[in-house]
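What you see is a predicted model; the values in this text were computed from it and never measured. Each residue takes its place number in the sequence, starting with 1.
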Amino acid sequence: QVQLVESGGASVHPGGSLRLSCLASGSNAFRLYDMGWYREREPVAVIGSSGSTDYANSAVKGRFTIARENAKNTVFLQMNDLRVEDTGVYYCNMISVVPGGYHPLKDWGKGTAVTVVA
């Protein structure tokens, strides 16, 4: 039903910036769902339906910012000061909070590739 389409990935040098976008096409209740960004299926950042945010670790926090635009069924990940270790395929998903972490609710999209290389 819901299709997740990620975009914005590219190859950049260390220190560069990217803004990833995720469109949740077909959702009629996007604003009610928590959303997450994943790197290789591991959570990177989450944003609640309330707008509250959480980040996976201190390496991400302070460089990445997750935001949402509910009117557009879109969630963003602003990535600044990119590092080689940020390289990977990034995915988004609607999530539910469960013991031990987050449960993705929808089929995965294709993701968008971020490559950070000197």
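Taking a 6.0 Å sphere around CG of D107, one finds it holds 12 or fewer heavy atoms contributed by other residues, nucleotides or ligands. In this structure, Q1 places its CD atom where only 12 or fewer heavy-atom neighbours from other residues, nucleotides or ligands lie under 6.0 Å away.
If you chain together hydrophobic residues whose side chains sit under 4.5 Å apart, V46 and Y33 never meet in one group. Cluster annotation: L105 is connected to I47 through the hydrophobic network of ILVMFWY side chains, with a link wherever side-chain heavy atoms come within less than 4.5 Å. Residues L20 and M94 share a hydrophobic cluster, clusters being chains of Ile/Leu/Val/Met/Phe/Trp/Tyr side chains in contact below 4.5 Å.
For the pair R68 and F76, the cation-pi criterion (under 6.0 Å, within 45° of the ring axis) is not fulfilled.
When side chains are defined from C-beta on, H103 counts as touching S96, because their heavy atoms get closer than 4.5 Å. Within the 4.5 Å cutoff, the side chain of V75 has no heavy atoms near those of the L23 side chain. Here the side chains of Y91 and W37 are not in contact, with every heavy-atom distance at 4.5 Å or above.
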I'd like to know whether K61 forms a salt bridge (Lys or Arg N to Asp or Glu O under 4.0 Å) with D54, so could you lay out the CA-CA distance, the side-chain angles of the two residues, the decisive distance to 0.1 Å, and finally the verdict.
CA-CA 8 Å; K61 192 172 185 178; D54 198 15; over 6 Å; no
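Contacts classified as ring pair (Phe, Tyr, Trp, His ring centres under 6.0 Å) and involving residues 38-64 (residues at least two apart or in different chains) are given here: Y38-W108.
Judged as a side-chain contact (heavy atoms from CB on, under 4.5 Å), and not counting sequence neighbours, S58 has no contacts.
Between the side chain of D81 and the backbone N or O of S17 there is no donor-acceptor pair closer than 3.5 Å. Not a single donor-acceptor pair under 3.5 Å links the side chain of N93 to the backbone N or O of G36. Of the possible polar contacts, one joining the H13 side chain to the V117 backbone as a donor-acceptor pair under 3.5 Å is found.
Taking every heavy atom of both residues into account, A56 and P43 meet most closely at CB-O, 3.3 Å. The two residues Y90 and V44 make their nearest non-hydrogen contact at CE2-CG2, 4.3 Å. Contact record, T87 with R39: O-NH1, 3.2 Å, taken as the closest heavy-atom pair.
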